[in-house]
Visitor: 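A single structure is presented below for examination.
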Amino acid sequence: MKDENCIFCKIANGEIPSRTVYEDDDFRVILDLNPATKGHALILPKDHYQNLYQIDDGTAAKVLPLAKKMAVMMTKKLGCDGFNVLQNNNEIAGQTVFHFHVHLIPRYSSDNQSLVMPPCGMTAEQLDAVRDVIVG
Ligand code: AMP
Ligand code: ZN
């Protein structure tokens, strides 16, 4: 299903031009307009899912194999030194476009990017409590 008001639906389905680097029946992979590094790309499903909470299992199952294929291909072609795969859900987590997408971010020893996560500082007891909440 497409969402008439969604820009990534239009891009994924070719109604708005994009710098496509891969396409199949289910996905289009495009270059990000404001890349974090050279080659930063986005995996877009052609159907509309707002985020990871909503994506259907069949589509979700195809995402990681595609991310792997793209990472291998792009690493070979771009000569990057590593790779981040990132996926944001909801505004608090940095999601700005509400059509599920996966960031493919080639990393270079010279890129001066910092996609680091400072630890929030939890005690062993706090970790135990969080585990109990999740599995309880
Ligand atoms: P997120 O913050 O995870 O929702 O990521 C949205 C990403 O989409 C950002 O990295 C934007 O630079 C990128 N973006 C937004 N609009 C476009 C567009 N029209 N074409 C390509 N990338 C876009
Ligand atoms: Zn959409």
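Order of listing sets the numbers, starting from 1, for every ligand and every atom in it.
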Visitor: Are the side chain of D47 and the backbone of M1 linked by a donor-acceptor contact shorter than 3.5 Å?
Guide: yes
Visitor: Quick one: look at F100 and ligand 1, take heavy-atom pairs under 4.0 Å, and tell me if it's side chain, backbone, both or neither.
Guide: neither
Visitor: Closest non-hydrogen protein atom to atom 20 (N) of ligand 1, residue and atom name please, with distance?
Guide: L33 CG, 3.5 Å
Visitor: When rounded to the nearest 0.5 angstrom, what is the spacing between CG in L66 and CE in M73?
Guide: 9.5 Å
Visitor: Is there a donor-acceptor contact under 3.5 Å from the side chain of Q95 to the main chain of N90?
Guide: yes
Visitor: For atom 5 (O) of ligand 1, grab the closest protein heavy atom and report residue, atom and distance to one decimal in Å.
Guide: H101 NE2, 3.0 Å
Visitor: With the Zn ion (ligand 2) at the apex, how many degrees lie between ND1 of H99 and SG of C9, rounded to 10 degrees?
Guide: 110°
Visitor: Among all protein heavy atoms, pick out the one at the shortest distance from atom 16 (N) of ligand 1; state its residue, atom name and that distance to 0.1 Å.
Guide: F8 CE1, 4.0 Å
Visitor: H103 to ligand 1: N or O pair under 3.5 Å?
Guide: yes
Visitor: Going by heavy atoms, is L86 under 4.0 Å from ligand 1?
Guide: no
Visitor: Classify the contact between I30 and ligand 1 as side chain, backbone, both or neither, using a heavy-atom distance cut-off of under 4.0 Å.
Guide: side chain
Visitor: Can a donor-acceptor pair be found between the side chains of Y49 and N51 at a distance below 3.5 Å?
Guide: no
Visitor: Among A93, S18, G94, which one has a heavy atom closest to atom 2 (O) of ligand 1?
Guide: G94
Visitor: Around atom 4 (O) of ligand 1, find the nearest protein heavy atom and jot down its residue, atom name and distance.
Guide: T96 N, 2.7 Å
Visitor: Before accepting this row, confirm whether a basic side-chain N of the pair K46/E23 lies closer than 4.0 Å to the acidic partner's carboxylate O.
Guide: yes
Visitor: With a 4.5 Å cut-off on side-chain heavy-atom distances among I, L, V, M, F, W and Y, is there a chain of contacts connecting F83 to L31?
Guide: yes
Visitor: Rounded to the nearest 10 degrees, what's the angle ND1 of H48 makes with SG of C6 at the Zn ion (ligand 2)? Could you check?
Guide: 110°
Visitor: Tell me the protein heavy atom at minimum distance from atom 7 (C) of ligand 1, and give that distance in Å.
Guide: D32 OD2, 3.5 Å
Visitor: For ligand 1 and V97, I'd like to know whether there is a polar contact (N/O to N/O, distance under 3.5 Å).
Guide: yes
Visitor: Taking only non-hydrogen atoms of I11, do any sit less than 4.0 angstrom from ligand 1?
Guide: yes
Visitor: State the atoms of ligand 1, each with its element, that fall below the 4.0 Å cut-off from a heavy-atom position in L31.
Guide: 21 (C)
Visitor: Go through H103 and N84 one step at a time and tell me if the side chain to side chain contact (heavy atoms under 4.5 Å, CB included) criterion holds.
Guide: CA-CA 8 Å; H103 294 260; N84 289 112; over 6 Å; no
Visitor: Work out which heavy atom in T20 is nearest to a heavy atom in R28; give both atom names and the distance.
Guide: OG1-NH1, 2.8 Å
Visitor: Near N34, which atoms of ligand 1 are under 4.0 Å from a heavy atom of that residue?
Guide: 12 (O)
Visitor: What's the verdict on side chain to side chain contact (heavy atoms under 4.5 Å, CB included) for L104 and V29, showing C-alpha distance, side-chain angles and the deciding distance?
Guide: CA-CA 9 Å; L104 302 172; V29 184; 4.1 Å; yes
Visitor: So, T37 and D111: side-chain donor and acceptor under 3.5 Å apart, yes or no?
Guide: no
Visitor: At under 4.0 Å between heavy atoms, which part of N88 makes contact with ligand 1: side chain, backbone, both or neither?
Guide: side chain
